[in-house]
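The structure appears below as structure tokens.
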Number of protein chains: 2
Amino acid sequence: MVQFVHPSRDDITLEGVLAALSDPMRLRIVKSMVSRHGCMSCTEAAPCPEMAKSTLSNHFRILREAGLIHTEKKGVEHRNVIRQDDIEARFPGLLRTILGFCDEPHQGKD
Amino acid sequence: MVQFVHPSRDDITLEGVLAALSDPMRLRIVKSMVSRHGCMSCTEAAPCPEMAKSTLSNHFRILREAGLIHTEKKGVEHRNVIRQDDIEARFPGLLRTILGFCDEPHQGKD
DNA sequence: TCAATAGTTCGTTATTGTTGAACTACAGAA
DNA sequence: TTCTGTAGTTCAACAATAACGAACTATTGA
């Protein structure tokens, strides 16, 4: 089963986005997804490996329901993409501004 | 007594600011303080009159400890000012960007 | 079919938010 | 000075949310 809830562009709220990004772990998840600019599985985007799977899953659900990421099933894993266009359309400059201030996590920009 | 805790400019963190602003009530408090651009007592800046004093007090404490506002005692009330310069120095454009998206609360800009 | 992998859901525990009541601090009046 | 009213804070209780491990589902490959 596992139905993914994705708000439409217009249903993305400022409070929702800020609340989702107010958690350091989620901020790092989003940051690495933006710098990668492509799909990432939940495990790939995990900010630290010792985090419980259930906690990670919860963070992705929050990001998803805030409209920050789009998730779809691809085989055994979930492919997550940042909804950069939607966020930009809704709150121009917001994501860029916020992410510009947080430190690079570890991504190698291969 | 009542010692106010104000982080120094450098101790203001992005997560702290985002967490403080991720609450709709606090967002409205900050918004009205910015548009007023002057001191406001806690009661003046209250987003809705039916909110419990203790809740309001807690919101102001969070904003204060996040470095968003500066509070000082003035007679029987507390004068709160937004630390716009500090936030701007630390995270240029952040406050302006965020506040630009949230609706005007009610302030009449007298 | 069986085992392994990627995530989700559930139940428990810990942390945080909300509220009314009691408290502190100050201002003005008597 | 003392008394009263006002502005906020602190405290204790309860409610909501977050983190975790364990059990579960779905898919892949042997």
Side-chain angles (χ1 to χ4, degrees), chain A residues 1-6 13 15-30 32-33 36 38-66 68-82, chain B residues 1-6 13 15-30 32-33 36 38-66 68-82:
Chain A
M1 216 94 351
V2 186
Q3 301 291 15
F4 294 127
V5 177
H6 291 108
T13 68
E15 285 88 352
V17 170
L18 294 180
L21 295 182
S22 69
D23 181 281
M25 293 304 158
R26 290 196 290 268
L27 201 53
R28 289 169 62 181
I29 293 174
V30 168
S32 62
M33 291 182 74
R36 176 73 76 95
C39 287
M40 289 179 98
S41 72
C42 298
T43 326
E44 275 178 322
C48 46
E50 68 274 15
M51 177 173 286
K53 285 195 303 177
S54 50
T55 306
L56 194 55
S57 177
N58 188 46
H59 283 314
F60 274 94
R61 184 181 56 77
I62 291 173
L63 289 172
R64 197 156 51 224
E65 295 180 357
L68 279 163
I69 64 174
H70 181 93
T71 308
E72 65 184 59
K73 207 149 185 161
K74 184 71 179 298
V76 75
E77 59 186 20
H78 295 179
R79 307 306 298 171
N80 299 287
V81 241
I82 190 95
Chain B
M1 215 87 357
V2 185
Q3 301 291 16
F4 294 127
V5 178
H6 292 107
T13 68
E15 285 89 353
V17 170
L18 294 180
L21 295 182
S22 69
D23 180 281
M25 291 306 158
R26 290 195 291 268
L27 201 54
R28 287 170 63 181
I29 291 173
V30 169
S32 62
M33 291 181 74
R36 175 73 75 96
C39 288
M40 289 180 96
S41 73
C42 297
T43 326
E44 275 178 322
C48 46
E50 68 274 15
M51 176 173 287
K53 285 195 304 177
S54 49
T55 307
L56 194 55
S57 178
N58 188 46
H59 282 315
F60 274 94
R61 184 182 56 78
I62 291 173
L63 289 173
R64 198 156 50 223
E65 294 180 359
L68 278 163
I69 64 173
H70 181 93
T71 309
E72 65 183 61
K73 211 151 181 153
K74 185 70 180 300
V76 74
E77 59 186 20
H78 294 180
R79 306 306 297 170
N80 300 287
V81 240
I82 190 94

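Every chain is numbered from 1, with letters handed out A, B, ... down the list of sequences. Please read all numbers here as calculations on a predicted model, not as lab measurements.
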#### Entry: Separation of atom CD1 in A:I29 from atom C1' in C:dG7, rounded to whole Å
13 Å

### Message
If we ignore hydrogens and angles and just use 3.5 Å, is the side chain of B:N80 paired with the main-chain N or O of B:T71 as donor and acceptor?
### Response
no

#### Entry: side-chain N/O A:H78 vs C:dT8 OP1/OP2, d < 4.0 Å
yes

### Message
How many whole angstroms separate atom CD of A:E77 from atom P of D:dT28?
### Response
11 Å

### Task
Rounded to the nearest angstrom, tell me the gap between atom CD in A:E72 and atom C1' in C:dG7.
15 Å

### Message
Measure CE/B:M40 against P/D:dA7 and give the value in whole Å, please.
### Response
14 Å

### Message
Can you tell me if B:S57 touches the phosphate of D:dT9, counting only side-chain N or O atoms and a distance under 4.0 Å to OP1 or OP2?
### Response
yes

### Closest heavy-atom pair and its distance - A:G16, A:A66
O-CB, 3.7 Å

### Task
Ignoring backbone atoms, establish whether B:R64 has a side-chain N or O less than 4.0 Å from OP1 or OP2 of D:dT9.
yes

### Task
Could you tell me whether B:K74 and B:E72 make a salt bridge, using a distance below 4.0 angstrom between a side-chain N and a carboxylate O?
no

### Message
What is the separation between atom CD on A:E44 and atom P on C:dT5, rounded to the nearest whole Å?
### Response
16 Å

### Query
Would you call A:E15 and B:R28 a salt bridge, using N to O less than 4.0 angstrom?
no

### Task
Look at the rings of A:H6 and A:H70 and say which category their plane angle falls in: under 30° parallel, 30 to 60° tilted, over 60° perpendicular.
parallel

What side-chain donor-acceptor pairs closer than 3.5 Å can you find for residues 45-57 of chain A, not counting sequence neighbours?
none

N/O-N/O pairs, protein side and nucleotides 16-20 of chain C side, under 3.5 Å:
unit_1	atom_1	unit_2	atom_2	d
C:dT19	OP2	B:T55	OG1	2.7
C:dG20	N7	B:S54	OG	3.1
C:dG20	O6	B:S54	OG	2.9

### Task
Could you tell me whether A:T43 contacts a base, only the sugar-phosphate backbone, or nothing, with contacts defined as non-hydrogen atoms closer than 4.0 Å?
sugar-phosphate

